[in-house]
Amino acid sequence: MSQIIIGKVGKKGTIYLPKQIMRILDIREGDKVIIRVEGNRLILEFIPDPLSLALKVKNGLKQP
């Protein structure tokens with residue numbers, strides 16, 4: 001999946017993620033992120049919350 005969406009850098013270097021990106025990646029306020037610089041690229045990798053993952057898996061399982 002490849003999409004291009006323009007974001008914005010605010011005061012003090014804050015990066016605002018568009019709601020569409022947050023919805024696609026299921027990112028919520030307070031989620032943790034790994035920030036890497038490779039050449040002239042900034043790479044963000046979101047660290048899923050283990051509790052949220054467990055709840056998603058539990059809710060996704062079919063009950064007999």
Side-chain angles (χ1 to χ4, degrees):
M1 171 179 82
S2 178
Q3 292 189 356
I4 297 175
I5 298 173
I6 306 278
K8 183 177 180 181
V9 178
K11 292 182 180 181
K12 299 183 182 181
T14 304
I15 297 173
Y16 296 97
L17 298 174
K19 287 181 183 180
Q20 182 180 3
I21 295 292
M22 293 182 70
R23 191 171 38 251
I24 290 169
L25 297 175
D26 195 24
I27 300 167
R28 293 190 168 79
E29 181 179 348
D31 284 353
K32 296 192 186 279
V33 62
I34 296 171
I35 302 169
R36 282 192 327 220
V37 176
E38 291 183 3
N40 65 345
R41 293 177 175 231
L42 177 67
I43 300 172
L44 304 175
E45 292 183 51
F46 291 89
I47 303 169
D49 175 43
L51 180 59
S52 296
L53 284 177
L55 291 174
K56 283 182 190 176
V57 170
K58 182 179 177 185
N59 292 335
L61 294 176
K62 294 181 180 179
Q63 299 290 330

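Annotation for I47: hydrophobic cluster partners, listed by chain and number, are I34 (ILVMFWY side-chain heavy atoms under 4.5 Å, direct or chained).
Distance check: I24 CD1 to I5 CD1 gives 5.0 Å after rounding to the nearest 0.5 Å. For the atom pair CD (Q20) and CG (L25), the distance works out to 10.5 Å, reported to the nearest 0.5 Å.
A side-chain contact (heavy atoms from CB on, under 4.5 Å) with D26 holds for exactly one of R28, M22, R23; it is R28.
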Using a 3.5 Å cut-off and no angle test, enumerate the donor-acceptor pairs between side-chain atoms of residues 10-18 and protein atoms at least two apart in sequence or in another chain.
{"residue": "T14", "atom": "OG1", "partner": "K11", "partner atom": "O", "Å": "3.1"}

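Linking ILVMFWY residues whenever their side-chain heavy atoms come closer than 4.5 Å, directly or via other members, leaves I43 and F46 in distinct clusters.
By the side chain to side chain donor-acceptor pair (under 3.5 Å) test, E45 is found to be paired with R36, residues two or more places apart in sequence or in another chain being considered.
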